[in-house]
Each structure stands twice: as C-alpha cells, then as structure tokens.
Amino acid sequence: MQLHNTATGRKDPFEPRDPQRVTMYVCGPTVYSYAHIGNYRPPVVFDVLARLLRRRYPNVVYVRNITDIDDKINAAAAREGVEIGVITSRYAAAFHEGLAALGVAPTDHEPRVTEHIPPIISMIERLIASGHAYAAEGHVLFQVSTYPGYGELSHRDTREMLAGARVEVAPYKKEPGDFVLWKPSTPDLPGWDSPWGRGRPGWHIECSAMAEALLGETIDIHGGGHDLVFPHHENERAQSTCAHGGKVFARFWLHNGFVTMNSEKMAKSVGNVLLVKDLLQHAPGEAIRLGLLTGHYRQPLDWNDETIADARRKLDRLYGALRDAGEVAPSDAKAPAAFIAALEDDLNTPAALAEMFELAKALNKADDAGDKAQLAAQLRDAGSLLGLLQQPPQDWFAQHVGDSGVPAAAEIEALIAERAAAKKAKDFKRADGIRDGLKARGVLIEDSVQGTRWRYVSD
RNA sequence: GGCUCGGUGGCAGAGUGGUUAUGCAGGGGACUGCAAAUCCCCGUACGUCGGUUCAAUUCCGGCCCGAGCCUCCA
C-alpha cells in the first residue's frame, strides 16, 4: 500500500510500525455550529482508509476527536445564555446524525477535550520541564525556536515566516512564532484549575495529548483537512515530538483537499456554506457519500447541483445491476484485485469506482447463475470498502427523500395492476396514460422479465 | 511575496513516454406493443511556449490561469 505523506511530499510505501496495532488519528470537528459538506470530507475519506486498513490488519485503532472547548463555542454559549455543554451536545449530536446518514462507521475512540484536561496539563508540564515551553501572565507558550524541526511538515521557513508575521505579537511572547498551550479564563468563561491558574487549553495541545493518551507516542497515520497542515499539525508535531524526547510523532501525514462551491472555498464569510443536514432533505446520504468519493481525496472537490444528481445516477446503475441479478446464491467472493489495488494506491477512489462499474457491466451481461452470484458478491464487497451498496437494491429504488407530492407505494402498486390489466386487454393507450401519469408525479415504470417494477426519480 | 497543489473530451473525473479509463449527457443500433432498464458501436480530450526523446497529454523549464495555507478555518 502506498500513501501520500505530506511530510515527504510524495507517495511512500506504508507499513505499520506494529502490524498488530495500526494507529490512526484524525482531527474532528469543533462543535459550535452545524457542519457543512466540507466538514464531512475527512470523516468519509478516512472512514474508507480505516475500512481498507481493517481488511489488511487485525487490529486498527482509529481515533477522531471532538473539540468541545473553544472560543467560538464560548461565544455561541454566551449568545444563547447557556452552558457550553448545551451547545456542544447539540452540535455533536447533529454531527453524529450526519455521520450515520453518510454511512461513516464509528471510530474506536472519540475523545473530547473536556474529558482530557489532566493529560493536557501533564503534557504542558513536561514541555515546560524540558525547556520547550514557558509560562507568562497566566499563559503557557510553546517556544518554537527550541524545536529545530519546526516547519518541516508544512515546508515553511520559520525565519521568513516570522519576518513576515502580520499579526500583532502579544507582549507575553518571547518570540513572535510562539503559540499558546494554555490560556487564562476570566470568571465568566469555562476553565480548569492548573499550575498556571484557572484557564483552558489551546487548540493544538488537545490533539497531541489525546493522541498520546489513546494511541501512544508514535502513531502510524495522522489525518485531517489540508488547511490544518499549518499551523495546527505543524504545532502538534512540535509539541508531541518535544514531549516525547524526539520520537517521531506521526509516521504518515495525510491531508484531504477542500470542497469548493463554484471553485470558491466554502466559508461562512463567503456565504456559500452547504450544510449536510439541509442537503439530506433533498438527497440520500449514500449519494452524498459517493459525491465526496468521486474525486481523489487530495484534489479539491467542486460541489454543485450536478454532483449529487450524478452520484444518484451512478448509484442507480450499480444498484440496478444488483437488482437485475435477482436472487443469487450466497457467495463469499471478494472485491477484485484491481479494485483493491486502486484503493491501496493512495486511496484512488475514482479508479476504484471505475472497477465497480466494470463489475456492474459484467454482472448485467452474465447469464450463468454461478457467475452472477460471484459478480454480485464482488460488487457488494467492493461497495463495503467504500461504504456503498450495503442496502437491498429494492430499498434504494423505493426511497424518496424529503419532499411531498410523490405517490405512496400502495397507490403505485394499484396503478401498476391497473396498467397490467389494460396491457393484457391491449389497451395500450390507457396503459401508457397510467405510466405517463406516474412519470409526471416522479415515478418511473419499467417492465422487465420479472414483472413491472418502479422507482422514484429525482427531479 | 513565500509555501502547497492543480489546469484532461459537453460535464464530472482517473491515468499513462508510443495501445480502451470510468460515469453522466449526446448520436446510431439490438431488445420492447411503445417506453424504461440492459447490451453493442461512436465522437478521436489532454492550458500555453520552448526543451529532452525515435516518440510527450505523460519528463524538464518559462509563461498564463485557478484553488488552498501563511497563527487557532475540514
């Protein structure tokens, strides 16, 4: 297996440090509002990677955190006049609903920052003791100049960066590039007692401490959105490496590209945020998931109306092949080698999907029952790695998302029976009238050798 | 300005030093009462200018265009 490593800037062969325990940490959301489609790209991408790793290694420990203490959370809580727990549990629950809708399997651990304050304090103490951090005016700061490797992950020259720093430098910083590990809380803000007074952790130290607590000092894979490379992951790397006496923190750094809308970054300030909870009102979660996997994870993904429509049609074709195979004998055939090879080449999901369409075509052409059984099993197994095609085909075609107006199944069945009678009586005008009527109401009729079947069509 | 990554057929989107991506849309055909679904065939795409090479969309360089990051945004 090959994975692109941000630290080296190329695809490197991946071998776990310990094949008996493969470790992966992915930065999760800060739960202060509803998550948009871009926020779900890392969970979906790394869900696929986790599935792939689990197939190959007996024990994969996958951690994705939830950041539940943060200035934006504090602001939201203050705005609503509630405890931060009200805010964080609301949006964490919404996030989980989105994950479930997109078929994202649960991680092995989902640590929350507020439940890991002692390990965070402990790590900060160790950084101070080893001379990498210092306390000043209630803050604790990491002294970047004590870590020569700083900048290696993001390929930045620290001196130039510091020279070009455009942010006002806080007076308590020894050097402009130093970043905060702990900051003081005023009485009206959430805080925890610490050796440096009542306060709260900085953002970067959370992930370092939770990764250490759950996965140890060196992890195999660290993932997240491309925007986290700097400063978040650069800082994490500095903290963890220094706290662990120079041991490698993450052996592989993986970063997914952004989701854009009309080639623009999705951001509140731009006003082009597409929330998944809204999207789910119009499209099946499985189609959204496929939409997120149609491009390679490192490429930017431009999201538009066609993305979803396209994904739905693709699923129509794949599920259609499974449906037309009919009842086939169970087979334990696995995904073909070319499909696995595509995924093992830095998670090339577009190439892997192309293999699935080849399987679908072969399945559509197959006559022999044994061949059908095997091809259907292969297609399903391939789907299981991408988190697709796991429901009965009938269910896929019978679902209708959101809106009103579409006829209920019972009514459709009755009209189909009526049409069948008309067809038998050679009254094709009436039969076609029923079909056209249903089509106008969003139901497509198909006659097949197994009888007439129907499905809801989008738009 | 620095760093990272891109510009592929109508759209989406892989890949490759000389040979089919794949899906959708479109054209033709088979099947069908007519459709739909399915199958077969088709259009000969690689930003631009140079260089390397017997041969470049694929390697190298310049240029143009685009996205992201540059202290708390997935």
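Everything numeric here is computed off the predicted structure, so don't read it as measured data. Labels below follow one simple rule: chain letters A, B, ... track the order of the sequence lines, proteins then strands, and each chain is numbered from 1.
The separation between His4(A) atom NE2 and rA14(B) atom C1' is 17 Å, rounded to whole Å. Between the P atom of rU38(B) and the CZ atom of Arg323(A) lies a distance of 9 Å, rounded to the nearest Å. Between the P atom of rG23(B) and the CD1 atom of Ile308(A) lies a distance of 20 Å, rounded to the nearest Å. rG6(B) atom C1' lies 15 Å from atom OH of Tyr297(A), rounded to whole Å. Rounded to an integer number of Å, the gap from CG of Asp316(A) to P of rU38(B) is 9 Å. For the pair Lys372(A) NZ and rU38(B) P, the computed distance is 14 Å after rounding to whole Å. Between the CG atom of Asp70(A) and the C1' atom of rC73(B) there is a distance of 11 Å, given to the nearest Å. Regarding His255(A), its NE2 atom lies at a distance of 16 Å from the P atom of rG6(B), rounded to whole Å.
For rA74(B), the OP1/OP2 oxygens have a side-chain nitrogen or oxygen of Asn39(A) closer than 4.0 Å. For rC40(B), one of the phosphate oxygens OP1 or OP2 lies less than 4.0 angstrom from a side-chain nitrogen or oxygen of Lys361(A). Between Lys365(A) and rC40(B) there is a side-chain polar atom (N or O) within less than 4.0 angstrom of OP1 or OP2. Contact check, Arg317(A) against rU38(B): a side-chain N or O comes under 4.0 Å of OP1 or OP2. Put simply, Asn235(A) has no side-chain N or O that comes within less than 4.0 Å of OP1 or OP2 on rC72(B). Within the structure, a side-chain polar atom (N or O) of Asn364(A) is placed less than 4.0 Å from OP1 or OP2 of rC39(B). A sub-4.0 Å separation between OP1 or OP2 of rC73(B) and a side-chain N or O of Lys72(A) is present.
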Atom pairs under 3.5 Å: protein N/O with N/O of nucleotides 29-33 of chain B:
from	atom 1	to	atom 2	distance (Å)
rG33(B)	N1	Asp432(A)	OD1	3.0
rG33(B)	N2	Asp432(A)	OD2	2.5

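Contacts of His204(A) with the nucleic acid, taken as non-hydrogen atoms under 4.0 Å apart, are absent. Residue-level contact check: Lys183(A) touches the bases, meaning some heavy atom is under 4.0 Å from a base atom. Ile445(A) comes within 4.0 angstrom of a base, heavy atoms only. Contact annotation for Glu234(A): no contact, since no heavy-atom pair falls under 4.0 Å across all strands. Nucleic acid contact for Ser448(A): none, since no nucleic acid atom lies under 4.0 Å from a heavy atom of the residue. Residue contacts shown for Gly38(A) include a base, since a base heavy atom lies under 4.0 Å away. Heavy atoms of His232(A) sit nowhere under 4.0 angstrom from any nucleic acid atom.
Checking rA14(B), rA74(B), rC72(B) against every side-chain atom of Val180(A), the shortest atom distance belongs to rC72(B). For Gln299(A), the side-chain atoms get nearest to rG6(B) when compared with the rest of rC3(B), rG6(B), rA36(B). Distances from the side chain of Thr260(A) to the nucleotides rU4(B), rA37(B), rA67(B) place rA67(B) closest. Nearest to the side chain of His155(A), among rA14(B), rC3(B), rC24(B), sits rC3(B). Of the candidates rA74(B), rU4(B), rC73(B), rC73(B) carries the atom nearest the Pro231(A) side chain, counting heavy atoms from C-beta on. Comparing rC73(B), rC40(B), rU22(B) by their closest approach to the side chain of Phe357(A) singles out rU22(B). Checking rA74(B), rC3(B), rA36(B) against the side-chain heavy atoms of Leu228(A) singles out rA74(B) as nearest.
With both ends at atom C1', the span from rU58(B) to rG1(B) equals 32 Å, rounded to whole Å. The gap from the P atom of rA21(B) to that of rU44(B) amounts to 13 Å, rounded to the nearest Å. Straight-line distance between the C1' atoms of rA37(B) and rU4(B): roughly 46 Å, to the nearest whole Å. Of the P atoms belonging to rC3(B) and rC63(B), the separation is 13 Å, rounded to the nearest Å. Remark: the separation of the C1' atoms in rG62(B) and rU52(B) is 15 Å, to the nearest Å. With C1' as the reference atom, rC65(B) and rC24(B) are 27 Å apart, rounded to whole Å. rA56(B) and rG61(B) have their C1' atoms separated by 15 Å, given to the nearest Å. Between rA55(B) and rG18(B), the two P atoms lie 14 Å apart (nearest whole Å).
Each of Phe179(A), Trp182(A), Phe142(A) was compared with His204(A) under the ring pair (Phe, Tyr, Trp, His ring centres under 6.0 Å) criterion, and only Phe179(A) meets it.
Minimum heavy-atom separation, Gln390(A) to Gly383(A): NE2-C, 3.5 Å. When all heavy atoms are compared, the tightest approach of Ser240(A) to Met123(A) is OG-CE, 4.4 Å. For Val104(A) against Asp47(A), the heavy-atom pair with the smallest separation is CA-OD2, 3.7 Å.
Taking the nucleotide of RNA chain B with the nearest heavy atom to each of Leu444(A) and Glu355(A), the more 5' of the two is matched to Glu355(A). Along RNA chain B, the nucleotide nearest to Trp203(A) and the one nearest to Asp324(A) differ in position, and the one closer to the 5' end is contacted by Asp324(A).
Residues Tyr319(A) and Glu286(A) bring a donor and an acceptor atom of their side chains to less than 3.5 Å of each other.
Under a cutoff of 6.0 Å and an axis angle of 45°, Lys423(A) and Phe428(A) do not form a cation-pi pair. The side-chain tip of Arg156(A) points at the ring of Phe230(A) from less than 6.0 angstrom away and within 45° of straight on. Both cation-pi conditions hold for Arg323(A) and Phe397(A): the charged atom is under 6.0 angstrom from the six-membered ring centre and inside a 45 degree cone around its axis.
Judged by distance alone, with hydrogens and angles left aside, Lys265(A) brings a side-chain donor or acceptor within reach of the base of rC73(B), the pair sitting under 3.5 Å.
In RNA chain B, runs of at least 3 consecutive Watson-Crick or G-U pairs, each pair with both distances below 3.5 Å, span B:1-7 with B:64-70, B:10-12 with B:22-24, B:26-30 with B:38-42, B:47-51 with B:59-63.
Aromatic pair His222(A)/Phe249(A): centroids less than 6.0 angstrom apart.
A donor-acceptor pair under 3.5 Å is absent between the side-chain atoms of Lys72(A) and the main chain of Tyr32(A), judged by distance alone. Between the Ser384(A) side chain and the Asp381(A) main chain, a donor and an acceptor come within less than 3.5 Å of each other. The main-chain N or O of His232(A) is never found under 3.5 Å from a side-chain atom of Asn235(A) such that the two would form a donor-acceptor pair.
Using bins of under 30°, 30° to 60° and over 60° for the plane-to-plane angle, the ring pair Tyr147(A)/Tyr150(A) lands in the perpendicular bin.
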